[in-house]
Structures are given as C-alpha cells and as structure tokens.
Amino acid sequence: MIETVKTIAELRRRLGEWRARNETIALVPTMGALHEGHLSLVRVAKAKAGRIVATLFVNPAQFGPNEDFADYPRDTDGDAQKLENEGCDLLFRPDAEEIYPPGHATKVSVEGLGDILEGEFRPGFFTGVATVVTKLLMQALPDFAVFGEKDYQQLLIIRRLTRDLDIPVVIEAAPTVRDDDGLALASRNAYLTSAEREIAPVLFGTLSQVAENVGRGVDAEEQAAWGLDQLERAGFGKIDYFTVRDAETLEPAAGASRPARVLAAAWLGKARLIDNVAV
Ligand code: PAF
C-alpha cells in the first residue's frame with residue numbers, strides 16, 4: 001500500500017531525502033473521495049515531476065456552519081488504493097490538529113477575487129482554501145502543485161496567493177474530467193438522486209451553448225439570463241449564479257478583446273453543482 005505519513009515532520013523528512021537526490025516533486029492536494037478527476041491531477045503531476053505527493057485532508061476551515069463537513073464523502077482506504085494504482089509515491093494524511101494546532105490564528109485571504117461568485121455564496125470558503133493550500137505548499141515546498149479547472153475560481157485564487165506571497169511553486173491546471181453525458185466529476189455528485197442525475201448534465205450543456213454563442217458575438221448578459229432560464233426549466237433549484245466573466249480577473253466580461261469564461265453554480269436537491277467552460 002502507498003506510503004502514508006501523518007505529520008509535517010515525517011513529510012518534510014521524506015521530501016528532504018528526494019530533494020537531496022535532486023528529484024523534482026509535485027503536490028496534489030485533495031479532500032479525498034477520489035474519482036477520475038483527482039486521478040487526472042496525479043497524471044498531470046507525473047508528467048511534470050519525478051515524485052508525486054498527494055494530500056488527503058477534509059479541511060474543516062473551508063466548510064460553513066450549515067455546510068456538509070460531517071457528511072462529506074470519505075473513503076480513506078479506497079483513496080489510498082487508487083493513489084497506489086496511479087503510481088503516487090507518498091500520501092500525506094494529517095489529522096486536523098496537525099494542520100490547526102491549538103492557538104492557530106493565521107488566515108490567508110485573497111481580497112477581491114475571493115469575495116465574488118463562490119466567495120459571495122460561501123462566505124469564508126476561500127479563506128479556508130487559501131489558508132490550507134498555503135500551509136500545504138509551505139509544508140511540502142514542491143516544485144509543482146496541480147489543481148483542477150473544475151474549480152476555476154479556486155485555481156485563480158491559488159495562482160494569485162502563490163504570486164502575492166512569493167511561494168516558489170509552479171501551479172499546473174488540469175482540465176475538467178466529465179462523465180460521458182458531460183457532467184463534471186465531483187465528490188458531491190454522490191448526493192444526487194437518480195432523477196437529479198438525469199437533469200445534471202443540462203448544466204454543462206447550457207454552459208457550452210452560452211460559451212459558443214458569446215464566442216460568436218452574442219451579448220454576454222443576455223446569454224447569461226438565457227442560461228439561467230434553461231437551468232430553471234430543466235428543474236434546478238436555487239441558481240446561485242450563471243455568468244460570463246473575464247477569464248483572469250473574474251470581473252464581468254469586457255467584450256471580445258479578452259478571454260472569457262462562463263461559470264455557474266446551481267442546486268439540484270442536496271447537491272450544489274459548479275462548473276465552467278471557456279468562451
Ligand atoms: O479542491 C479541493 O479539493 C480543496 O479545495 C483543496 C484544494 C484540496 C483544499 O482543501
């Protein structure tokens with residue numbers, strides 16, 4: 001079974017051995033309940049570095065008080081097996097006290113970018129993500145770290161914090177992995193009933209249609225309103241946002257001169273689905 005360490009000291013000792021032999025290291029942070037999307041991050045990591053470290057930590061700091069921390073899917077043994085099969089070298093699986101010992105008081109937050117879209121609907125979420133990712137990067141000091149484009153705003157925030165805090169790591173983006181019908185893989189898809197699972201691919205279908213139309217020059221605001229309406233008609237519950245944004249700043253899209261991204265978050269029963277498509 002894959003070698004597993006639970007403390008920062010053990011992690012640093014093992015990585016230090018590799019570094020002493022001039023081996024390059026890629027970090028793949030996860031919250032477990034691994035699916036093909038996560039395994040694709042490991043494959044991107046393997047294409048970049050000689051040694052791969054995955055982390056498995058369900059980070060309490062990125063869950064709001066009414067969110068699903070207690071129910072979040074967990075499968076520690078299955079995850080370890082999948083990482084082993086994928087050729088991952090080391091698993092860092094700390095307990096909460098290792099990451100947040102008593103008295104832990106420092107938070108990392110990315111102002112502006114962290115306050116909109118997901119940040120607006122999940123207050124504190126990005127501060128939780130930015131804090132734990134900063135800590136994991138400082139603990140492992142990898143050459144590369146890999147994150148999925150599925151969580152596009154998270155990816156931008158992590159790029160920004162590494163730049164702003166001068167953390168010497170290259171952030172690699174991995175494309176979203178989808179089921180055959182287009183639904184982006186996500187651990188929380190486990191919450192969908194079979195009826196909801198039938199509806200769920202409408203999200204990707206609508207994002208793709210809007211991306212295509214905006215790319216052809218159709219008005220972005222009009223298209224976002226159309227997309228929202230499509231999701232409502234398909235049977236989605238609350239739609240937190242459906243919007244076309246600048247692909248770098250996530251400000252409202254400024255026209256055809258800049259790359260844009262269509263992003264949405266919407267509820268289907270207990271599951272909150274998020275996805276995005278490049279224009
Ligand atoms: O994307 C995730 O799974 C988490 O937000 C991350 C990056 C592992 C931080 O907990």
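Atoms within a ligand are numbered from 1 in the order they appear, just like the ligands themselves. The basis for the numbers below is simple: all heavy atoms, side chains too, and nothing from hydrogens, waters or symmetry mates.
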For ligand 1, which of its N or O atoms have a protein N or O partner closer than 3.5 Å, and how long is each gap?
| from | atom 1 | to | atom 2 | distance (Å) |
| --- | --- | --- | --- | --- |
| ligand 1 | 1 (O) | Gln154 | NE2 | 2.9 |
| ligand 1 | 5 (O) | Gln62 | NE2 | 3.0 |
| ligand 1 | 5 (O) | Gln154 | OE1 | 2.8 |
| ligand 1 | 10 (O) | Gln62 | OE1 | 2.6 |

**Asked** Just checking, Arg261 and Tyr152: is the charged tip under 6.0 Å from the six-membered ring centre and within 45° of the axis?
**Response** yes
**Item:** Ile116 side chain near Gln153 side chain, heavy-atom distance below 4.5 Å
**Value:** yes
**Request:** Report the relative orientation of the aromatic rings in Tyr100 and His104; use parallel for angles under 30°, tilted for 30 to 60°, perpendicular for over 60°.
**Result:** perpendicular
**Message:** Hydrogens and angles aside, do Asn85 and Gln81 bring a side-chain donor and acceptor to less than 3.5 Å of each other?
**Reply:** yes
**Prompt:** With a 6.0 Å cut-off on ring centres, are Phe92 and Phe57 close enough?
**Reply:** no
**Prompt:** Closest heavy-atom contact between Leu203 and Ala264?
**Reply:** CD1-CB, 3.8 Å
